[in-house]
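Here the structure is laid out as structure tokens; the discussion comes afterwards.
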There are 2 protein chains.
Amino acid sequence: MNFTASEENYIKAIYHLQQSAALVTTNELAAQLKTKPASVTDMLKKLKLKDLLLYEKYQGFQLSNKGKKVALGIIRKHRLWEYFLVNKLQFGWDEVHEIAEDLEHINSKLLIERLDAFLNFPRFDPHGDPIPDVNGRMEVSKQINLIDLAPHQPAEVSAVGSQSSELLDLLSHKNIGIGTRLEVVKKFIFDHSIEIKIEDTAPFSISQQLAQSLFVKPL
Amino acid sequence: MNFTASEENYIKAIYHLQQSAALVTTNELAAQLKTKPASVTDMLKKLKLKDLLLYEKYQGFQLSNKGKKVALGIIRKHRLWEYFLVNKLQFGWDEVHEIAEDLEHINSKLLIERLDAFLNFPRFDPHGDPIPDVNGRMEVSKQINLIDLAPHQPAEVSAVGSQSSELLDLLSHKNIGIGTRLEVVKKFIFDHSIEIKIEDTAPFSISQQLAQSLFVKPL
DNA sequence: AAATTTTTTTAGCCAAATCTAAATTTTTAT
DNA sequence: ATAAAAATTTAGATTTGGCTAAAAAAATTT
């Protein structure tokens with residue numbers, strides 16, 4: 001079954017909203033989608049008809065299992081495209097959201113499978129969010145981007161943003177790998193570089209680009 | 001200025017049709033887009049209002065200079081995506097048209113510039129068609145229609161006349177693709193069929209219709 | 001427990017892009 | 001040069017997704 005871009009946007013937004021509360025409300029969703037409550041009600045009826053939504057009027061709503069599956073498929077597409085834009089087309093991780101919003105609505109199972117393979121089956125997008133696999137499963141991890149780690153908060157490297165040989169080369173030269181413990185000493189506004197300190201070694205600086213490719217779990 | 005996917009499809013179709021005849025007609029365009037003449041008339045009015053089209057009712061129409069520029073931008077996007085799908089995602093050249101039809105409507109100047117750079121500024125798409133550059137300029141290749149190729153002149157298939165699945169199906173059954181080397185053995189007046197010989201294989205005949213859909217570069 | 005406020009839904013409209021059926025213009029054939 | 005045929009346009013409907021304004025239901029206050 002295929003869905004319109006509008007339906008997909010509703011499904012995705014409901015999915016995200018129900019992460020914080022089981023039931024989503026009409027006003028909440030209208031605010032999220034920058035539309036009016038009346039428009040939301042209209043769409044809810046359509047989604048219910050297609051068995052994507054559990055909804056009784058005035059009672060709030062949530063995605064059905066089918067709806068959740070669809071949501072994960074859209075999120076998968078979105079995050080794979082973001083990964084592509086950052087790691088292949090050299091976009092900054094903060095520039096890709098809008099473009100991925102459009103790309104995620106392209107409907108081709110084969111395209112996404114081939115893209116996934118081309119990117120080497122990445123498990124996290126450039127923001128550190130996990131990418132669902134073909135079956136909608138994804139890693140649950142509290143990792144954050146190194147660039148968002150608070151200074152002096154000890155943490156452990158838990159993932160790298162890509163498997164490119166260029167990145168891996170740089171990481172091995174700097175002696176950074178999965179499990180490396182480090183903390184941020186200082187962040188520099190000028191070039192967004194950050195100084196980090198790996199346990200028992202002298203602090204050194206890394207570029208913004210490198211920091212964005214590293215994910216850590218606070219300890 | 002941005003356009004809807006539907007407007008873009010009309011503009012692109014008009015562009016292609018006016019390659020063979022200066023003025024395009026309503027019925028022609030309706031057939032091309034698999035829609036009805038009445039729908040075409042409606043859209044023509046919109047395109048005229050946006051100064052993309054030179055159109056007086058009942059008199060046929062053609063793209064304005066502005067319209068041509070827009071068309072070349074869409075064609076550029078389409079062909080770059082086709083190149084990406086074939087050369088990066090391992091699609092066959094006969095599988096990519098539909099997906100590129102969707103991707104071409106993604107609106108981001110920056111995305112296309114980055115994609116172009118990532119692909120190393122290719123000048124021809126996988127079907128042998130030239131890719132317009134940022135300014136809408138493209139190479140005019142010296143390819144000729146197979147029907148005009150002199151007997152016993154070795155040549156290489158460089159493009160196909162359409163992307164219809166019927167044509168692509170026929171070509172793959174006959175083992176003809178971009179890059180295939182062949183020569184014309186004999187032309188038959190009676191039905192305008194021609195006998196061709198692909199390097200190291202037995203000669204066989206193809207219809208006039210098929211020959212007209214193949215473009216070659218003499219070697 | 002009523003009254004008020006907030007939330008949600010309904011009713012009725014609009015715009016884009018399509019369609020069918022009917023009308024009009026152009027072209028072709030007698 | 002007219003009549004018939006073909007092509008094109010107009011008129012009016014439909015679908016999708018959105019809107020505003022008003023009605024209805026639920027939640028909150030007094």
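The shown structure was predicted, so the numbers you read here are calculated from the model rather than taken from an experiment. Lettering follows sequence order; numbering is per chain, from 1.
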Q. Any side-chain N or O of A:T26 less than 4.0 Å from the OP1 or OP2 oxygen of C:dT9?
A. yes
Q. Should A:T41 be listed as having a side-chain N or O under 4.0 Å from OP1 or OP2 of C:dT10?
A. no
Q) In whole Å, what is the span from the NZ atom of B:K34 to the C1' atom of C:dA17? A) 19 Å
Q: Return the nearest nucleotide to the side chain of B:D42; candidates are C:dT10, C:dC19, C:dA16.
A: C:dC19
Q) Between A:T35 and D:dG17, is there a side-chain N or O to OP1/OP2 distance below 4.0 Å? A) no
Q. Touch check for B:Y55, heavy atoms < 4.0 angstrom, all strands: base, sugar-phosphate only, or nothing?
A. sugar-phosphate
Q | Under 4.0 angstrom between B:S39 side-chain N/O and C:dA17 OP1 or OP2 | A | no
**Q.** Within 45° cone and under 6.0 Å: B:K88 NZ/CZ vs B:F118 ring
**A.** yes
Q: Begin from the C-alpha positions of B:N87 and B:L119 and carry the test side chain to side chain contact (heavy atoms under 4.5 Å, CB included) through to its verdict.
A: CA-CA 9 Å; B:N87 293 97; B:L119 299 175; 5.8 Å; no
Q | Interatomic distance where CE belongs to A:M43 and C1' belongs to D:dT15 [whole Å] | A | 13 Å
Q: Could you tell me the separation between the CG atom of B:L49 and the C1' atom of C:dA17, rounded to a whole number of Å?
A: 16 Å
Q. In whole angstroms, how far is the P atom of D:dA7 from the CD atom of B:E28?
A. 11 Å
Q: Would you kindly give the CG-to-P distance between B:L44 and C:dA16, to the nearest whole Å?
A: 16 Å
Q. Please walk me through it: do B:Y83 and B:L115 pass side chain to side chain contact (heavy atoms under 4.5 Å, CB included)?
A. CA-CA 10 Å; B:Y83 188 98; B:L115 180 64; over 6 Å; no
(Q) Can you tell me how far apart NZ (A:K45) and NZ (A:K57) are? Round to the nearest 0.5 Å. (A) 7.5 Å
Q.
Using the rule given for side chain to side chain contact (heavy atoms under 4.5 Å, CB included), can you reason through A:K48 versus A:E56, listing the C-alpha separation, both sets of side-chain angles and the distance that settles it, and then say yes or no?
A. CA-CA 9 Å; A:K48 188 188 176 176; A:E56 294 306 325; 3.4 Å; yes
Q.
Contact list please: residues 6-25 of chain B against DNA chain D, heavy atoms, distance less than 4.0 Å, in numerical order.
A. B:T25
Q) So, is B:Q59 near the phosphate of C:dT26, with a side-chain N or O under 4.0 Å from OP1 or OP2? A) yes
Q. Tell me: NZ of B:K50 to C1' of C:dA16, nearest whole Å?
A. 10 Å
Q. Distance check: side-chain N/O of B:N27 vs OP1/OP2 of D:dT8, anything under 4.0 Å?
A. yes
Q. Rounded to whole angstrom units, what separation is found between the CG atom of A:L47 and the P atom of D:dG18?
A. 11 Å
(Q) For the residue pair B:K217 and B:F124, would you count it as a cation-pi contact if the rule is NZ or CZ under 6.0 angstrom from the ring centre and within 45 degrees of the ring axis? (A) yes
Q: Name the pairing partner of D:dT29, where a pair is Watson-Crick or G-U wobble with both distances under 3.5 Å, or state none.
A: C:dA2
**Q.** Any side-chain donor near an acceptor of the partner, A:D102 and B:H105, under 3.5 Å
**A.** no
Q. Can you tell me how far P of C:dT9 sits from NZ of A:K48, to the nearest Å?
A. 11 Å
Q) Which comes earlier along DNA chain D counting from the 5' end, the contact point of A:K57 or that of B:Y58, where each point is its nearest nucleotide? A) B:Y58
**Q.** Polar contact flag, side-chain donor to acceptor under 3.5 angstrom, B:N27-B:T25
**A.** no
Q. For C:dT10, does OP1 or OP2 lie under 4.0 Å from any side-chain N or O of A:K45?
A. yes
Q: Answer yes or no: does a side-chain N or O of A:K46 lie under 4.0 Å from OP1 or OP2 of D:dG17?
A: yes
